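Have a look at the structure below before the remarks.
Note that the coordinates shown come from a computational prediction; the quantities given were computed from them, not determined experimentally.
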Amino acid sequence: MRRILIAVSLAASCAVFCAASGAQELSAADQAAANAAIKVIRPEAIAAHMRFLSDDLLEGRQTGSRGHEIAVHYVATELEAMGLTPAGANGTWFQSLPLRKVDLVPEKSSFELVREGKAHTLVFAQDYIMDGNPLAADAGVEAGAVFVGFGVSAPEFQYDDYAGVDVRGKVIVMVRGAPPRFPATERAYFSDAVVKARNAAAHGAVGIITLIPPEFFERYKWDWIVPQIRAGGMWWLDPQGVPADTYPEIRASALMNGSGAEELFKGAAKTLPEIFAASRESKSESFELPSNVKIHRVTRYTAIESRNVIGKLAGSDPALAKEYVVFTAHMDHLGICRPAEQDTVCHGAFDNASGTSAVLEVARAFSSLRRAPRRSMLFVFVTGEERGLRGSDYFAHYPTVPIESIVADVNVDGAPGLIFPNKDIVPRGAEHSNLAKNVQAAAKKMGYTISPDPIPEEVIFIRSDQYSFVKQGVPAVFINGGRQSADPKLDGAAIDEKWISSIYHTPKDNMSQPFYFESAARSTAMSFLVGYEVAQQSERPTWNAGDFFGRKFSRKQ
């Protein structure tokens, strides 16, 4: 799952999903076909795929690396063996994307705070961390600083952190995330670094400094954050060679540790505890800071190419076969990383060898059908998710089938039920379209309950590949496991929290973990059922009337 950059109530969740359960059901013949297909999904197959993909041989599947290329060929070979057809570029299984690898040169870069004519130099990786500039190899900024709350302008929720302040030519200072009173997925949208940068640039800002709330450090330690950023960034390039989602107006950015934030707020109108308390209450507070900010960034660029893998199963209905249901999973992970227990390979077994394995088995289940589904199926295995959803975003901008023909995306990132047997699922994004009815039907069939997002502050909805499709107007769902354990002896919430705080994005995410492959096969069967029902139904999925994401991104169909 992509690196870090108001919860819906249970009653509200039921109102959305339970109301959808009366939708048109599969015919008896379709149900029989689906029942036979999900029997093809075997726990042993998921385990075998995962064991290979997370092996030392692949060296953590870093985007553009030799290990990632091994994964690319493995996935393509598996799809070919199933009898699927290639749906990449020029009749191949592959879609190549040009990438710019962006690495800060710390020894040539600097960050100073100037107050009352005196400069205070902050220490890289101790007081702050920053990555390189994707647009300029040598860039800097010297300007006043203005605190702008979360840096969010959301007229939909009568909220604007920029109201009453002038940030033209200034460096803005903002809190990570978005107001907790926002619904979970909308909160995620406004937390997106791209959305925040676009908003900052529109208000005339020239730099961005992000503050981390103290509670965030309870889950992610500074010593864990620093190597994530130091690993560098990647941007895909458009046909003119310009990195996507970049804003030249924003010449500098940085992420502050507690010590750096304290120095920045010395003499300010409000203290750090006060502004963090206000942010927890969704209060907008903006004011000028007494320090000027002087940042200099020197960046090193490397040209990289990496590949998505795309397979197709042609639909059987002449009227619907030109429409596609897409399944996505990312193949990449972090490569060689900070050692843990004398291991330097970030294996990415759960994240996301398990999702890749699950979608391979979904593809196998579809290929086993005696009659193909009415709509065509695309199985898109993407690169660069850990670098900011790069592979899926590139595919969504340059799809190998017309974007208007893609009716839905079902994304798997971390096979639900693998780290403990889930009783419930969290279908992030389904509540925004009538995909909710498909999720409800599949969950009921597989014996799952549906829960709201238990950790909305993690803004997970924007951190995996379905979001790239949402931004192109395609209804999508990212099905996660909830925190209720089907085994009363296991505390699902405690296991999940421990995994996030001690295993996520470390070499410990390997095959020595206590995985529950039977449970993962069950959730994989559910994902199959969601896609199968969408492929069989006559009407394509649509955004709910007046929906937030539908209004922002929907296409005319």
Do [X] and [Y] meet the criterion of a side-chain donor-acceptor pair at a distance under 3.5 Å?
| X | Y | result |
| --- | --- | --- |
| D409 | T328 | yes |
| E112 | H120 | no |
| N411 | S464 | yes |
| H330 | T383 | no |
| D547 | H432 | yes |
| H333 | E385 | no |
| Q126 | W222 | no |
| H49 | T356 | no |
| Y159 | D161 | yes |

Item to complete: Could you label the plane-to-plane angle of the W499 and Y504 rings as parallel, tilted or perpendicular, counting under 30° as parallel and over 60° as perpendicular?
Response: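 Tilted.
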Indicate yes or no: at least one non-hydrogen side-chain atom of [X] is less than 4.5 angstrom from one of [Y].
| X | Y | answer |
| --- | --- | --- |
| V470 | F553 | yes |
| R483 | E497 | yes |
| D453 | N480 | no |
| V102 | N133 | no |
| K294 | F111 | no |
| F124 | I129 | yes |
| M130 | I295 | yes |
| Y516 | L490 | yes |

Please check this pair: side chain of [X] against backbone of [Y], looking for a donor-acceptor N/O pair closer than 3.5 Å.
| X | Y | answer |
| --- | --- | --- |
| N422 | G482 | yes |
| T344 | P339 | no |
| R463 | E458 | yes |
| S253 | I208 | no |
| N352 | V412 | yes |
| D509 | D351 | yes |
| S109 | V298 | yes |
| R100 | P243 | no |
| R338 | D223 | yes |

Practice prompt. Could you check I500 against I455 for side-chain contact (heavy atoms from CB on, under 4.5 Å), going step by step and ending with a plain yes or no?
Written response: CA-CA 11 Å; I500 292 171; I455 45 175; 4.1 Å; yes
Quick one: side chains of residues 136-154, donor-acceptor pairs under 3.5 Å with protein atoms, not counting sequence neighbours, listed by atom name and distance.
from : atom 1 : to   : atom 2 : distance (Å)
D138 : OD1    : H296 : NE2    : 2.7
S153 : OG     : D160 : OD1    : 2.7
S153 : OG     : N199 : ND2    : 3.1

Taking only Lys NZ, Arg NE, NH1 and NH2, and the carboxylate oxygens of Asp or Glu, determine whether [X] and [Y] approach each other closer than 4.0 Å.
| X | Y | value |
| --- | --- | --- |
| D131 | R230 | no |
| D332 | R61 | no |
| E69 | R307 | yes |
| K170 | E288 | yes |
| E263 | R115 | yes |
| E116 | K118 | no |

Worksheet item: Can you name the one residue among E274, E215, E457 that meets salt bridge (Lys or Arg N to Asp or Glu O under 4.0 Å) with R280?
Response: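 When E274, E215, E457 are each tested with R280, the salt bridge (Lys or Arg N to Asp or Glu O under 4.0 Å) holds only for E215.
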To the nearest 0.5 Å, what is the distance between [atom1] on [X] and [atom2] on [Y]?
| X | Y | atom1 | atom2 | result |
| --- | --- | --- | --- | --- |
| L53 | S357 | CG | OG | 5.0 Å |
| Q513 | M50 | CD | CE | 7.5 Å |
| S306 | W236 | OG | CH2 | 15.0 Å |
| C337 | D343 | SG | CG | 7.5 Å |
| I172 | I209 | CD1 | CD1 | 9.5 Å |
| L237 | L97 | CG | CG | 9.0 Å |

Worksheet item: Does NZ or CZ of R428 come closer than 6.0 Å to the centre of the six-membered ring of F461, within 45° of the ring's axis?
Response: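 Geometry flag: not set, cation outside 6.0 Å or 45°.
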Worksheet item: Cation over ring, R390 on W235, under 6.0 Å and within 45°?
Response: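 Yes; both conditions hold, so R390 lies above the ring face of W235.
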Worksheet item: Which is it for F276 and K270 under the side-chain contact (heavy atoms from CB on, under 4.5 Å) test, yes or no, and what are the steps along the way?
Response: CA-CA 10 Å; F276 286 135; K270 291 184 179 290; over 6 Å; no
Practice prompt. Could you please spell out the steps behind the side chain to side chain donor-acceptor pair (under 3.5 Å) verdict for H505 and E386?
Written response: CA-CA 10 Å; H505 279 198; E386 301 289 7; 3.0 Å; yes
Between [X] and [Y], which heavy-atom pair has the shortest distance, and what is it?
| X | Y | value |
| --- | --- | --- |
| Y162 | A200 | OH-CA, 3.5 Å |
| S485 | G492 | CB-N, 4.1 Å |
| N257 | F217 | OD1-CZ, 3.7 Å |
| A261 | L211 | CB-CD2, 3.9 Å |
| A358 | A415 | CB-CB, 4.5 Å |
| R168 | H203 | CG-O, 3.6 Å |

Fill in: CA sep, side-chain torsions, deciding dist, call: T299, D103, side-chain contact (heavy atoms from CB on, under 4.5 Å)
CA-CA 6 Å; T299 305; D103 292 291; 5.8 Å; no
Discussion item. For V326 and V410: C-alpha separation, side-chain torsions, deciding distance, then whether side-chain contact (heavy atoms from CB on, under 4.5 Å) applies.
Written reply: CA-CA 6 Å; V326 175; V410 181; over 6 Å; no
Fill in: Heavy atoms of other groups near K498 NZ, more than 12 under 6.0 Å
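Incorrect, the count does not exceed 12.
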Discussion item. Evaluate E285 against K283 for salt bridge (charged side-chain N to carboxylate O under 4.0 Å, His left out), listing each step before the verdict.
Written reply: CA-CA 6 Å; E285 295 188 336; K283 292 181 179 178; over 6 Å; no
Fill in: Listed once per pair and sorted, the salt bridge (charged side-chain N to carboxylate O under 4.0 Å, His left out) pairs that draw on residues 231-249, sequence neighbours left out
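Residue pairs passing salt bridge (charged side-chain N to carboxylate O under 4.0 Å, His left out), neighbours aside: none found.
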